[in-house]
Each structure stands twice: as C-alpha cells, then as structure tokens.
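Structure first, then comments.
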Amino acid sequence: MASASETLATMRGSIEARVREQVERHLRISPTSSIERIVEMQMKDERERLERLIDAADEDPTQAEMLVSLLGWLPELEHQLRKRARR
C-alpha cells in the first residue's frame with residue numbers, strides 16, 4: 001500500500017498534469033488567450049473539485065486531510081504556472 005506522502009505526490013502530479021493539459025488545450029483553440037486567465041479558471045475548477053471531494057471524504061479523515069493539503073498547495077502551483085507564463 002502506498003504511503004500518504006506517495007499518495008499526495010501522485011495526486012499533485014495528477015492535478016498538475018490536468019491543469020497543464022487544459023492550458024495547452026485552450027491555447028490550441030485560441031493561441032492568443034491569456035495564459036494567466038486560463039490558469040485562474042483552472043485553479044478555480046480544481047479548488048471546487050477538491051472542496052467537493054473533501055465534503056465527500058467525511059468518513060475518511062486521512063483522505064480529507066490529504067485533500068485539504070492539496071487545497072492549500074494550489075496557490076503554489078498557480079504561482080508557478082503564472083511565473084512560467086510571464087517568461
């Protein structure tokens with residue numbers, strides 16, 4: 001069974017991949033789109049998704065704790081993606 005830190009790393013990787021995929025998809029459709037705006041929209045979607053999962057994880061405190069940790073990590077990811085977009 002995976003440790004909590006391995007599970008958290010896997011979940012972070014999944015979120016990063018999903019957000020990057022969405023940014024790339026938006027840019028393919030509209031190359032002049034603002035990457036910062038796309039990142040902002042995707043972060044909003046991810047926050048809402050995590051909040052729903054946290055609500056559903058009431059019976060599993062460990063799962064809920066990991067999801068809350070991910071929610072706290074999202075601003076860091078958003079900052080990294082915005083910083084890269086400015087380059």
Side-chain angles (χ1 to χ4, degrees):
M1 185 170 177
S3 71
S5 62
E6 290 171 333
T7 302
L8 193 57
T10 299
M11 293 171 88
R12 280 185 177 187
S14 295
I15 291 171
E16 285 186 62
R18 186 170 40 252
V19 170
R20 289 176 202 276
E21 178 182 306
Q22 289 301 313
V23 169
E24 290 171 9
R25 185 178 68 78
H26 281 280
L27 290 174
R28 278 194 307 272
I29 293 168
S30 179
T32 59
S33 294
S34 164
I35 294 175
E36 287 197 13
R37 177 69 180 126
I38 297 167
V39 168
E40 181 182 316
M41 290 184 319
Q42 290 310 124
M43 289 296 107
K44 180 180 181 277
D45 290 347
E46 289 300 326
R47 276 190 294 278
E48 290 171 354
R49 185 171 92 41
L50 286 170
E51 287 167 355
R52 284 191 305 272
L53 290 171
I54 290 166
D55 289 343
D58 284 343
E59 300 298 317
D60 186 349
T62 303
Q63 179 75 12
E65 186 177 314
M66 278 195 284
L67 294 167
V68 168
S69 173
L70 287 171
L71 194 58
W73 164 79
L74 281 181
E76 180 183 326
L77 175 60
E78 182 173 8
H79 176 74
Q80 290 172 2
L81 293 170
R82 286 176 184 247
K83 187 174 175 182
R84 284 188 200 137
R86 291 185 195 120
R87 289 184 184 163

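This one's a predicted model, so the numbers in the text were calculated from it and none came from an experiment.
- Ser14 contributes a side-chain N or O that, together with a main-chain N or O of Thr10, makes up a donor-acceptor pair within less than 3.5 Å.
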- [ ] Under the side chain to side chain contact (heavy atoms under 4.5 Å, CB included) rule, what do Ile15 and Leu70 come out as? Steps first, then yes or no, please.
- [x] CA-CA 9 Å; Ile15 291 171; Leu70 287 171; 4.2 Å; yes

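- Note that CE of Met41 is 9.0 Å distant from CD of Gln22, once rounded to the nearest 0.5 Å.
- The number of heavy atoms from other shown groups lying within 6.0 Å of CD (Glu59) does not exceed 12.
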- [ ] Before giving the answer on salt bridge (Lys or Arg N to Asp or Glu O under 4.0 Å), spell out for Lys44 and Glu40 the whole-Å C-alpha distance, their side-chain angles and the decisive distance to 0.1 Å.
- [x] CA-CA 6 Å; Lys44 180 180 181 277; Glu40 181 182 316; over 6 Å; no

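- The CE atom of Met43 lies 4.5 Å from the CG atom of Leu77; values are rounded to the nearest 0.5 Å.
- Glu16 CD to Trp73 CH2: the interatomic distance, rounded to the nearest 0.5 Å, is 4.5 Å.
- No more than 12 heavy atoms of other residues, nucleotides or ligands sit less than 6.0 Å from atom CD of Glu65.
- Judged as a side chain to side chain contact (heavy atoms under 4.5 Å, CB included), and not counting sequence neighbours, the contacts of Thr32 are Ser30.
- The two residues Gly72 and Pro75 come nearest to each other via the heavy atoms O-CD, 3.3 Å.
- Residue Ser69 comes nearest to Leu8 through the heavy atom pair OG-CD2, 3.8 Å, listed as atom of the first residue, atom of the second, then distance.
- For the atom pair CG of Leu67 and OG1 of Thr62, the computed distance is 11.0 Å after rounding to the nearest 0.5 Å.
- Using a 4.5 Å cut-off on side-chain heavy atoms (C-beta onward), Leu74 and Leu50 make contact.
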Atom pairs and distances, donor-acceptor, side-chain atoms in residues 51-58, under 3.5 Å, two or more places apart:
none

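- Note that the CD atom of Gln42 and the CD1 atom of Ile38 stand 8.0 Å from one another [nearest 0.5 Å].
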Task: side chain to side chain contact (heavy atoms under 4.5 Å, CB included) evaluation trace for Met66 with Gln63 - done: CA-CA 5 Å; Met66 278 195 284; Gln63 179 75 12; 3.8 Å; yes

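- Here NE2 of His26 is found 12.0 Å from CD1 of Ile35. Values are rounded to the nearest 0.5 Å.
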